[in-house]
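In what follows, residues are counted from 1 in the order of the sequence shown.
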Amino acid sequence: QSLQQGSTSLSPQTKGKIYVIFSRRVDSYIDPFFTELLHAVEMEAFSRRYPIQTVMSNDDLYNFSAENIDKYSAAIILGQISENNLAMLKSRFRNLAYIGLNALPESAMIDQILCSGYKAARSAVAYLADLGHRRIYYIGETQNEERYQGYMDEMKHRGFSTSPEFVCRSQLSPQGGYGSMVELLTKKQNFTAVFCANDDTAIGAVRALLEHNVRVPEDISLAAFDDILTPAASGHLLCGMQANYERMAATAIRVLRNPA
C-alpha cells in the first residue's frame with residue numbers, strides 16, 4: 001500500500017458515490033484481473049452502503065459532465081493511467097484511489113493499493129527454475145510493466161539467458177497469447193517453460209500448444225499471474241499466482257472513506 005493524504009471523505013447513501021475507471025481497457029477488452037477487482041469493489045462498497053455510480057473508461061470520462069460529480073464523490077482507478085488522464089481525474093474528483101499491479105510515480109500523489117506484479121513474476125520464474133527449467137520464455141507486455149521487469153531480474157539473478165528471443169511482446173489477451181505461442185512454435189524456439197503475464201495470455205498459449213500436439217505441462221510448463229483460469233485451461237497450468245482482490249477492494253474503500 002502506498003497511501004497519500006486525501007482531501008475529503010465519503011458519506012454513505014445520499015452522498016459519497018463511487019466511480020470506477022477502467023484505465024487499461026483496450027477497445028471492448030478488459031483484463032479479467034480488473035473485472036475480478038471490480039466485483040470485489042462492488043461487494044465491498046455495497047456492504048458499506050456506498051453505491052457504485054457508474055463504471056467507465058477514460059474516454060467515457062471525457063464525455064461525462066463534471067456537473068454530475070458532487071464534492072463527496074470519489075473514484076477508483078483500475079490499472080495504469082497516463083499522466084494527462086490522471087490530471088483530468090484530479091480536476092474532477094477530490095479523492096482518488098488507484099489499484100493495480102504497477103506502481104504509479106510518486107509524483108502522482110494519490111493513494112495506491114498495489115498487488116506486486118514484480119514479486120509475483122520473480123516467484124513464478126523462481127518456481128520454474130527450481131524445477132530445473134533454464135530456458136524460460138515470457139509472453140506479455142513489456143513497457144512500464146513490472147511483471148516483465150520481475151521476470152528479467154529473476155532470470156538474471158539465476159544466471160539464465162535474457163536473449164531478446166526469450167521475450168514475446170503481446171497484448172494481455174487470449175488472442176495475444178495464442179499468436180505469440182504460434183510464433184514461437186513456428187520458429188521452433190528451444191524453450192521448456194513459459195511465464196505468461198496473465199491468465200488470459202496463458203489461455204491462448206495453452207490452446208496454441210495443444211493445437212500443435214505439444215503436451216502441457218509434460219512437454220512445456222506454463223506459469224501465469226491471476227489464477228482465474230477457465231476450467232478447460234486450468235488443468236494445464238503448472239502454477240498460478242493469485243491476487244487478494246477482496247483485501248485490495250476493502251483497502252481502497254477504507255482509504256476513500258477515511259483519508260489520512
With a 6.0 Å cut-off on ring centres, are Y148 and Y138 close enough?
-> yes
Main-chain N/O of L104 paired with Q112 side-chain donor or acceptor, under 3.5 Å = yes
Are F195 and Y137 close enough that some pair of their side-chain heavy atoms sits under 4.5 Å apart?
-> no
Check against ring-ring contact (aromatic ring centres under 6.0 Å, His included), F93 and Y19 = CA-CA 10 Å; F93 294 96; Y19 294 76; 5.3 Å; yes
Side chain to side chain contact (heavy atoms under 4.5 Å, CB included) with E211: which residues, sequence neighbours excluded?
-> Y178, R207
Atom of A40, atom of Y245 and distance for their closest heavy-atom approach | CB-O, 3.6 Å
Between CZ of R147 and CD1 of I139, what distance do you get to the nearest 0.5 Å?
-> 13.5 Å
Distance, nearest 0.5 Å, that separates CG of L209 from CG of L222 | 6.0 Å
Would you say the side-chain atoms of T201 pair up with the backbone N or O of G177, donor to acceptor, closer than 3.5 Å?
-> no
Does some side-chain heavy atom of I77 sit less than 4.5 Å from a side-chain heavy atom of N85?
-> no
Quick check: are there more than 12 heavy atoms from other residues, nucleotides or ligands sitting under 6.0 Å from CE of M152?
-> yes
How about L128 and S221: do any of their side-chain heavy atoms sit closer than 4.5 Å?
-> yes
Determine whether more than 12 heavy atoms belonging to other residues, nucleotides or ligands lie under 6.0 Å from atom CD of Q143.
-> no
Considering only heavy atoms from C-beta outward, does the side chain of M181 approach that of L185 to under 4.5 Å?
-> yes
Treating Ile, Leu, Val, Met, Phe, Trp and Tyr as nodes and any side-chain heavy-atom pair under 4.5 angstrom as an edge, say whether M43 and I18 lie in one connected cluster.
-> no
Specify the closest pair of heavy atoms between I113 and A252, including all atoms of both residues, with the distance to one decimal.
-> CD1-CA, 3.8 Å
H39, NE2 atom: more than 12 neighbouring heavy atoms under 6.0 Å | no
If we only count heavy atoms from C-beta on, is the L86 to I110 side-chain gap below 4.5 Å?
-> yes
If you group Ile, Leu, Val, Met, Phe, Trp and Tyr whenever their side-chain heavy atoms sit less than 4.5 Å apart, what else falls in with F46?
-> none
So do the side chains of I136 and F191 get within less than 4.5 Å of each other, counting heavy atoms only?
-> no
Which pair of heavy atoms, one from C115 and one from M248, lies closest together, and at what distance?
-> CB-SD, 3.6 Å
How many angstroms lie between OG in S163 and CZ in R135, if you round to the nearest 0.5 Å?
-> 8.0 Å
Check the pair D111 / L96 against side chain to side chain contact (heavy atoms under 4.5 Å, CB included), numbers first and verdict last.
-> CA-CA 7 Å; D111 297 322; L96 294 167; over 6 Å; no
Minimal heavy-atom distance between A197 and L172, with the atoms involved, is CB-CD2, 3.6 Å
Side chain to side chain contact (heavy atoms under 4.5 Å, CB included) between L38 and F22, worked out | CA-CA 9 Å; L38 173 61; F22 275 113; 3.6 Å; yes
Show your reasoning for whether side chain to side chain contact (heavy atoms under 4.5 Å, CB included) applies to K119 and E146.
-> CA-CA 8 Å; K119 291 181 180 179; E146 292 190 2; over 6 Å; no
Nearest 0.5 Å, what's the CD-OG1 distance between E145 and T142?
-> 8.5 Å
Contacts of R158 that satisfy side chain to side chain contact (heavy atoms under 4.5 Å, CB included) - sequence neighbours left out = A126, A129, D130, E154, F160
Euclidean distance, R122 CZ relative to D153 CG, rounded to 0.5 Å = 5.5 Å
For residues N102 and Y118, is any side-chain donor paired with an opposing acceptor at under 3.5 Å?
-> no
Within one Ile-Leu-Val-Met-Phe-Trp-Tyr cluster: V182 and L184, side-chain cutoff 4.5 Å | no
Which atom pair, heavy atoms only, marks the closest approach of A121 to Y151?
-> CB-N, 3.7 Å
Would you say I21 and L78 make side-chain contact, with heavy atoms under 4.5 Å?
-> no
Which pair of heavy atoms, one from L256 and one from N95, lies closest together, and at what distance?
-> O-ND2, 3.3 Å
Is there a side-chain contact between L101 and S116 (heavy atoms, below 4.5 Å)?
-> no
State whether the number of non-hydrogen atoms from other residues, nucleotides or ligands found under 6.0 Å of R169 atom CZ is greater than 12.
-> no
If you measure from CG on L37 to CD on E44, what distance do you get to the nearest 0.5 Å?
-> 12.5 Å
